[in-house]
Amino acid sequence: MKIPAGLRDLMSAFPFAGVVVWIGVRPAPRAQMRALSVVEAIAERGLAGDRTAEKSRPGNSRQVTLIQAESLPLVGALLRRAAIDPALTRRNIVVSGINLLSLKGHRFQIGGALLEMTGECHPCSLMETQLGAGGYNAMRGHGGINARVLVGGNIAIGDRVAAVVAQAAMAAMP
């Protein structure tokens, strides 16, 4: 089913760019997140220093994980506590000011890197350990997105997060 032109226009309208507010990498499975102010995104690999980049193969759909800053107080509220520390979510990049799910079907620019959303980042059972009892269910629907790095470059706190809208790509969407 082809998306009607009016809906295509709506799906391509982004009122504001977002901004990177936190960056973290995991050097090994189950290792603590290491917060950074800047990171290199490596094309078809992921983020330098992250375990995913070390083992990633071209085409891997989970090279970078992103979550909205606006989700952190919500998850905290569902757990009856303050906003969640971004490191506990084990996501690589926290952004504010843009709906990450609206990036479906779009490439997006963060700093010097070009990424592509590959799907939602659903929580894993580790959220029970990280966030406590109920952490898994609190994160459901608020886990952010997975992305692939198409063009490498540096990503820093304060960088813009903006969709790259290609009309031809939108017209081809089923």
Side-chain angles (χ1 to χ4, degrees), residues 3 7-26 33 35-36 38-39 41-47 50 52-53 56 59-79 83-124 126-127 130-131 135-166 169-170 173-174:
I3 295 175
L7 185 54
R8 251 195 326 261
D9 291 341
L10 290 173
M11 292 171 67
S12 297
F14 294 88
F16 305 104
V19 64
V20 175
V21 297
W22 188 87
I23 301 168
V25 295
R26 297 170 304 243
M33 295 292 289
L36 306 170
V38 64
V39 69
I42 305 165
E44 293 298 333
R45 304 295 290 179
L47 302 180
D50 191 76
T52 305
S56 186
N60 181 6
S61 64
R62 195 178 165 118
Q63 295 172 1
V64 180
T65 56
L66 300 95
I67 191 169
Q68 290 175 217
E70 294 82 359
S71 295
L72 301 176
L74 174 62
V75 171
L78 294 172
L79 293 170
I84 301 301
D85 176 347
L88 295 176
T89 68
R90 307 190 62 73
R91 303 308 189 255
N92 298 120
I93 300 174
V94 180
V95 303
S96 180
I98 191 168
N99 179 353
L100 289 173
L101 292 179
S102 71
L103 296 173
K104 182 177 181 179
H106 297 284
R107 293 175 173 188
F108 56 100
Q109 188 86 35
I110 304 181
L114 180 68
L115 289 83
E116 176 179 62
M117 178 183 169
T118 57
E120 292 184 46
C121 188
H122 300 290
C124 67
L126 191 56
M127 291 300 101
Q130 293 292 108
L131 303 175
Y136 175 84
N137 275 325
M139 285 285 292
R140 287 177 66 191
H142 309 291
I145 67 170
N146 296 315
R148 176 178 21 251
V149 180
L150 301 175
V151 177
N154 284 339
I155 297 173
I157 292 177
D159 279 349
R160 288 179 79 241
V161 180
V164 176
V165 179
M170 286 300 293
M173 284 180 66

**Q.** Identified side chain to side chain donor-acceptor pair (under 3.5 Å) partner of Thr65 from the options Asn92, Thr89, Thr52
**A.** Asn92

Q. Are side-chain heavy atoms of Pro86 and Leu72 found at a separation under 4.5 Å?
A. yes

Q) Are any of the side-chain heavy atoms of Leu103 and Leu115 separated by less than 4.5 Å? A) no

Q: Apply side chain to side chain contact (heavy atoms under 4.5 Å, CB included) to Gln68 and Asn99, showing your working.
A: CA-CA 7 Å; Gln68 290 175 217; Asn99 179 353; 3.3 Å; yes

How long is the gap from [atom1] on [X] to [atom2] on [Y], to the nearest 0.5 Å?
X      : Y      : atom1 : atom2 : answer
Asp50  : Ile23  : CG    : CD1   : 12.0 Å
Arg90  : Ile67  : CZ    : CD1   : 13.0 Å
Tyr136 : Gln130 : OH    : CD    : 15.5 Å

Q.
I'd like to know whether Leu101 forms a side chain to side chain contact (heavy atoms under 4.5 Å, CB included) with Met117, so could you lay out the CA-CA distance, the side-chain angles of the two residues, the decisive distance to 0.1 Å, and finally the verdict.
A. CA-CA 9 Å; Leu101 292 179; Met117 178 183 169; 4.2 Å; yes

Q) side chain to side chain contact (heavy atoms under 4.5 Å, CB included) with Ala87: which residues, sequence neighbours excluded? A) Trp22, Met33, Asp85

**Q.** Candidate pair Phe108 and Leu66, rule side chain to side chain contact (heavy atoms under 4.5 Å, CB included), full reasoning
**A.** CA-CA 12 Å; Phe108 56 100; Leu66 300 95; 4.2 Å; yes

Can you name the nearest heavy-atom pair linking [X] to [Y], along with the distance?
X      : Y      : result
Ala53  : Arg45  : O-NH2, 3.2 Å
Ile84  : Gly76  : CG1-N, 3.6 Å
His106 : Ser102 : CD2-O, 3.4 Å
Ser96  : Ala69  : CB-CB, 4.0 Å

(Q) Can you list everything that forms a salt bridge (charged side-chain N to carboxylate O under 4.0 Å, His left out) with Asp159? Sequence neighbours excluded, please. (A) none

(Q) For the backbone of Gly111 and the side chain of Gln109, can you confirm whether one donor and one acceptor N or O come within less than 3.5 Å of each other? (A) yes

(Q) Please evaluate residues Ile93 and Val161 with respect to the criterion side chain to side chain contact (heavy atoms under 4.5 Å, CB included), reporting the C-alpha separation (whole Å), side-chain torsions for both, the decisive distance (0.1 Å), and the verdict. (A) CA-CA 11 Å; Ile93 300 174; Val161 180; 6.0 Å; no

Extract all donor-acceptor atom pairs below 3.5 Å that involve side chains of residues 139-157 and protein atoms in other chains or at least two apart in sequence.
residue : atom : partner : partner atom : Å
Arg140  : NH1  : Asn137  : OD1          : 3.0
Asn146  : ND2  : Glu120  : O            : 3.1
Arg148  : NH1  : Gly59   : O            : 2.8
Arg148  : NH2  : Glu116  : OE1          : 3.3

